[in-house]
Amino acid sequence: MEMRTGGSTVTVLHNATIVTMDGDRRVFQNGGIVIEEDRIVAIGQSPEIFQRFSHLANQIVDLHGHIILPGFINTHVHTSQQLGRGIADDVDLMTWLHDRIWPYESNMTEEESYISTLLCGVELIHSGVTCFAEAGGQHVTGMARAIEKLGIRACLAESIMDSGQGLPASWGSRTTDDCIQSQKELYKKHHNTADGRIRIWLGVRQIMNSSDRLLLETRDMARELKTGIHMHVSEIPYENQVVVHTRKAEHGTVTYLEKIDFLQSNLLAAHTVWVDKNEVSFLSKARVKVSHCPASAMRMLGFAPIREMLDAGICVSLGTDGAPSNNRMSIVDEMYLASLINKGREVYVKGTTDPTALPAETVLQMATANGAKSVLWDDEIGSIEIGKKADLVVVNPHSWSMIPVHDCISSLVYCLRTENVVSVMCNGHWIMKDKKILTVDEEEVISIAKQASRELLERAGVQIPNRMNVL
């Protein structure tokens, strides 16, 4: 890639271990990267990079042996739920939805969605995330304001429902036409804004709250707009049972979605836990992407057949889910859990251990390259390659949590902690340096989030049980 001329900003990062996650899975043990404006223009051995480009650079950063990776991509997170962290612990999914989350979400204002997304974004950045897929939330305009300020990249989607039981009154009256029109307006207003960092996707909350008309018109609109659809799929056995009883499907959600030709390569299916072999085949044939959220799944949903999906050629990525269903918005934690949970599942399924299930390199791919494919952005992000966007995370391995590093890839999955993430770059701009976020005042965000959360929960009437004798 040729460098541009005339006044552009050039940054040289050198003396680093570079894990590219490119097609050849190259790792430069002493590497350097050259960034012009928002794109990577050169990668190679550090001495060569420094010699060729240092005289052109506006900024030269010696990383002292730190590790550079592509920015992590969180493919399932509810940013507008961040103010509800801790309000729905230790309850089943339907109680979680009907008694806690839906009252919370239906009472949220646009300003509260903005604050919630700021708070969530701070935590995402600290864990090395440069891009995320919103799982469907409230007030996308508020989210977009926050994303523009944070400097992060996002695929935003509204939580869309037009039918079903247990919906708050303000949602229950919403028509299919309202749902479709709202998303068209959001796309027109926010798609490709914030220097191209925001993309608008279409949202379908779940099949139990969607009419067939909503599903089919969402599918067609996504084709027309050339964007993605984010949907919770086959989360619990009850969901499959409802689909069988109400839609006369042979098995459950995936089988029914295949029947009505809803499964497409632009569908990002979240969780996808309760699927059988035939449904895995349906997902693979349609090239559906799957977001695996290990912590959230193990909390309320169960063991997803991730190994079978990967073996079938399905693109599986990683997500945290929202704060009320996980509490930790750390993709670093999800990498660690994904490998361990899926190794443990082999005992449950096959009655024998298999330490080779989901090895470290596969998990790291899920958090980077597969994440980019899942959000339909792999032409620009997900790996460190010439011509791609400069979305990078810098990891300091020289601490008690990671030293000694005998195997770089293994250490990144099994030893890395959020504390080791020191700097984050998105779209060629540092959004965190030396563990300090540069785009927002963290203390101010935390302060306003505390107040906003108290007011929202009081207005929503959400009561948290007194577990012990709290005085």
Side-chain angles (χ1 to χ4, degrees), residues 19-23 25 27 67 69-77 124 127-133 135 153 155 228 230 233 265 267-273 275 280 283-284 287-298 301 303-321 326 328-346 354-378 381-384 391-393 395 407-416 418 421:
V19 180
T20 66
M21 299 308 296
D22 65 7
R25 296 298 182 257
V27 176
I67 301 170
L69 297 130
F72 295 133
I73 300 167
N74 185 337
T75 59
H76 188 72
V77 55
L124 293 174
S127 73
V129 168
T130 55
C131 177
F132 71 88
R153 194 182 300 278
C155 297
H230 202 143
V233 174
S265 61
L267 173 63
L268 177 54
H271 303 303
T272 321
V273 175
V275 291
V280 169
L283 294 168
S284 175
R287 294 184 291 126
V288 171
K289 316 303 189 293
V290 170
S291 179
H292 176 41
C293 306
S296 174
M298 288 309 301
L301 310 179
F303 291 106
I306 298 303
R307 185 172 189 176
E308 290 87 337
M309 291 184 192
L310 291 168
D311 288 346
I314 295 171
C315 178
V316 182
S317 55
L318 290 177
T320 56
D321 211 343
N326 184 351
R328 302 183 184 192
M329 299 294 98
S330 171
I331 206 70
V332 169
D333 290 353
E334 299 303 313
M335 285 198 294
Y336 180 69
L337 288 172
S339 184
L340 296 188
I341 286 172
N342 287 284
K343 285 173 170 47
R345 179 179 173 271
E346 295 294 301
D354 185 0
T356 67
L358 253 68
E361 58 269 27
T362 299
V363 174
L364 195 57
Q365 179 172 324
M366 291 164 70
T368 53
N370 280 16
K373 291 176 183 177
S374 295
V375 299
L376 311 178
W377 221 328
D378 51 307
I381 62 174
S383 59
I384 298 175
D391 287 14
L392 307 171
V393 55
V395 169
D407 180 328
C408 175
I409 304 304
S410 176
S411 292
L412 285 169
V413 173
Y414 298 121
C415 305
L416 177 66
T418 298
V421 176

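These values consider heavy atoms only, across backbone and side chains, with no hydrogens, waters or symmetry-generated copies.
In this model, a donor atom of one side chain and an acceptor atom of the other lie less than 3.5 Å apart for T320 and N74. Using a 3.5 Å distance cut-off with no hydrogens or angles, the side chains of S330 and S127 do not pair a donor with an acceptor.
In this structure, S339 contributes its side chain and L358 its backbone to a donor-acceptor pair below 3.5 Å. No side-chain donor-acceptor contact under 3.5 Å links K289 to the backbone of V375. No side-chain donor-acceptor contact under 3.5 Å links R287 to the backbone of S284. E334 contributes no side-chain N or O that, together with a main-chain N or O of C293, makes up a donor-acceptor pair within less than 3.5 Å.
Looking at L337 and M298, their side chains never come closer than 4.5 Å, going by heavy atoms from C-beta outward. C408 has its side chain within reach of I67: a pair of non-hydrogen atoms, C-beta onward, lies under 4.5 Å apart. Residues R307 and D354 are in side-chain contact: their nearest non-hydrogen atoms beyond the backbone lie under 4.5 Å apart.
Distance check: L301 CG to D321 CG gives 8.0 Å after rounding to the nearest 0.5 Å. Here L267 contributes atom CG and S374 contributes atom OG; the two are 10.5 Å apart, rounded to the nearest 0.5 Å. Between I73 atom CD1 and N370 atom CG the span is 9.5 Å, to the nearest 0.5 Å. How far CZ of F72 is from CG of L364: 6.0 Å, rounded to the nearest 0.5 Å. Considering CD1 of I341 and OH of Y336, their distance stands at 10.5 Å, rounded to 0.5 Å. With rounding to the nearest 0.5 angstrom, the CG atom of L392 is 11.5 Å from the CD1 atom of I381.
The number of heavy-atom neighbours closer than 6.0 Å to CZ of R328, taken from other residues, nucleotides and ligands shown, is 12 or below.
H271 and H76 have perpendicular rings, their planes meeting at more than 60° on a 0 to 90° scale where under 30° would count as parallel.
Of all the heavy atoms in L283 and I314, the pair that sits closest is CB-CD1, 3.7 Å. Annotation for T130 and G71: closest pair OG1-CA, 3.3 Å, computed over non-hydrogen atoms. Here the closest non-hydrogen pair linking S410 and A360 is CA-CB, 3.9 Å. Heavy atoms only, all atoms of each residue included: P355 and K343 are closest at O-CE, 2.9 Å. Contact detail for V316 and M366: the closest heavy-atom pair is O-CG, 3.2 Å. Scanning all heavy atoms of the two residues, the minimum distance from M335 to L318 falls at CG-CD1, 3.7 Å.
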